Amino acid sequence: MLRHRNHMIVPMVFAAMLLAWPAPGNAQTAEAPERGRIAATFGFGLWPDVGDIQPFPGGSFDEAGFAFDLAFHWPIGHLGPATVLAGANIGASFHDSNIRGVREGEDLQASALYLTPSVKIAFGPPGGRRLYLDAGVGYYGATIDEQEDDCFFSCDIYEYYDDDALGGYVGFSADFPFGSRGSGFRLTTSVQAHFVDFDDPVSLDGNATLGGPIYTLQVGVAWNP
């Protein structure tokens, strides 16, 4: 039942933001020049598949975890009133567990990493409040490992699972400027749904497999390089 409720997160938040967004007539006529955009966001990842794993040693993985994303995009053209930006996203979602490992005696952790060329379709004036529709396709990797606790520069890591595959994501993001448009820094929020299927079986759970969707909800800062 939880899985079906998760599928409603993206459209519900998207609809709420559209209702709150100002009408085009409220935008200022003098627009700032179009520039590139870099964003760093942090927040929550929701991975139903990893939460469904039932490992034979007992215990479970957390379906909710910590996620981050770095996005780099530059304008390449226009699509009607919207601006098209192209670039890439780098990010990951990390999920803890209460499953004790056999090598270091530490709890196992599951993680999903992605590196995706991507596009953003921007609505709104450069430097002002702006809504983006996002999509990307690229590399996805998944691991389950046990890491030495309290390590800094070097860690002993034992992997129980490792796989990679082609995947993609869709989502939306929004920028809200700090003070005047000329400041260059903006509060940004992002919602994404990642779709990927990994082929390798998860030996911890009788040949179960991992895949998407993986949902992320993040907040951070965007700026112009």
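Keep in mind that what you see is a predicted model, and the values were worked out from it rather than measured.
Remark: of the listed residues Ile53, Val50, Asp52, Asn98, Asn98 is the sole one forming a side chain to side chain contact (heavy atoms under 4.5 Å, CB included) with Ser60.
No continuous path of ILVMFWY side-chain contacts below 4.5 Å connects Phe66 to Leu113, so the two sit in separate hydrophobic clusters. If you chain together hydrophobic residues whose side chains sit under 4.5 Å apart, Ile121 and Phe172 fall into the same group. Placement of Phe68 and Leu217 in two distinct hydrophobic clusters is found when ILVMFWY residues are connected by side-chain heavy-atom separations under 4.5 Å, directly or transitively. No single ILVMFWY cluster, assembled from side-chain heavy atoms under 4.5 Å apart, contains both Phe44 and Tyr215. The hydrophobic clustering, which links ILVMFWY residues whose side-chain heavy atoms are closer than 4.5 Å, places Phe61 and Tyr158 together.
With Asp134 contributing its side chain and Val170 its backbone, the two residues share no donor-acceptor pair below 3.5 Å. Using modelled atom types, one side-chain atom of Trp47 and one backbone atom of Gly211 make a donor-acceptor pair closer than 3.5 Å. In this structure, the side chain of Thr216 does not engage the main chain of Ala67 through any donor-acceptor pair within 3.5 Å. Panel note: side chain Asp205, backbone Gln54; a donor-acceptor pair is recorded below 3.5 Å. Between the side chain of Asn224 and the backbone N or O of Gly36, at least one donor-acceptor pair lies under 3.5 Å. Judged by distance alone, the side chain of Arg37 and the main-chain N or O of Trp223 form no donor-acceptor pair under 3.5 Å.
Side-chain contact annotation: Glu146 with Tyr160, donor-acceptor N/O pair under 3.5 Å present. With no hydrogens or angles considered, no side-chain donor-acceptor pair links His95 and Ser97 at under 3.5 Å. Judged by distance alone, the side chains of Thr188 and Ser173 never bring a donor and an acceptor atom under 3.5 Å apart.
Under the 30°/60° scheme for interplanar angles, the aromatic rings of His194 and Tyr140 are found to stand perpendicular.
Between atom OG1 of residue Thr143 and atom CG of residue Asp163 there is a gap of 10.5 Å, rounded to the nearest 0.5 Å. To the nearest 0.5 Å, atom OH of residue Tyr114 and atom OH of residue Tyr169 are 7.5 Å apart. The structure places CD1 of Ile214 at 10.0 Å from CG of Leu46, a figure rounded to the nearest 0.5 Å. In this structure, the separation between CG on Asp49 and OG1 on Thr209 is 7.0 Å, given to the nearest 0.5 Å. Between atom OH of residue Tyr161 and atom CZ of residue Phe198 there is a gap of 6.5 Å, rounded to the nearest 0.5 Å.
At least one side-chain heavy atom of Leu166 sits less than 4.5 Å from a side-chain heavy atom of Val137.
Salt bridge annotation for Arg129-Asp175: absent, with no cationic side-chain nitrogen under 4.0 angstrom from a carboxylate oxygen.
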Inset, instruction - Apply side-chain contact (heavy atoms from CB on, under 4.5 Å) to Arg100 and Asp107, showing your working. - result: CA-CA 4 Å; Arg100 185 69 66 181; Asp107 291 343; 3.7 Å; yes

Legend entry - Test log, rule side-chain contact (heavy atoms from CB on, under 4.5 Å), inputs Val202 and Ile144: CA-CA 9 Å; Val202 181; Ile144 296 176; 4.1 Å; yes

Inset, instruction - Show your working on side-chain hydrogen bond (donor to acceptor under 3.5 Å, both in side chains) between Gln109 and Asp96 and close with a plain yes or no. - result: CA-CA 5 Å; Gln109 182 183 71; Asp96 291 330; 3.2 Å; yes

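Of all heavy-atom pairs spanning Pro55 and Ile99, the tightest one is CG-CD1, 3.2 Å. Residues Leu70 and Ala40 approach most closely at CD2-CB, 3.6 Å, considering heavy atoms. Closest approach of Tyr139 and Asp164 over heavy atoms only: CE1-CB, 3.3 Å. The minimum heavy-atom distance linking Arg35 with Leu85 is given by the pair O-CD2, 4.2 Å. Among all heavy-atom pairs drawn from Pro225 and Ile38, the shortest one is CB-CD1, 3.9 Å. The minimum heavy-atom distance between Gly220 and Leu187, with the atom names listed, is O-CD1, 3.5 Å.
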Review item, side-chain donor-acceptor pairs of residues 73-83, under 3.5 Å, at least two apart:
unit_1: His73; atom_1: NE2; unit_2: Ser118; atom_2: OG; d: 2.8
unit_1: Thr83; atom_1: OG1; unit_2: Glu34; atom_2: OE1; d: 3.3
unit_1: Thr83; atom_1: OG1; unit_2: Arg130; atom_2: NH2; d: 3.4

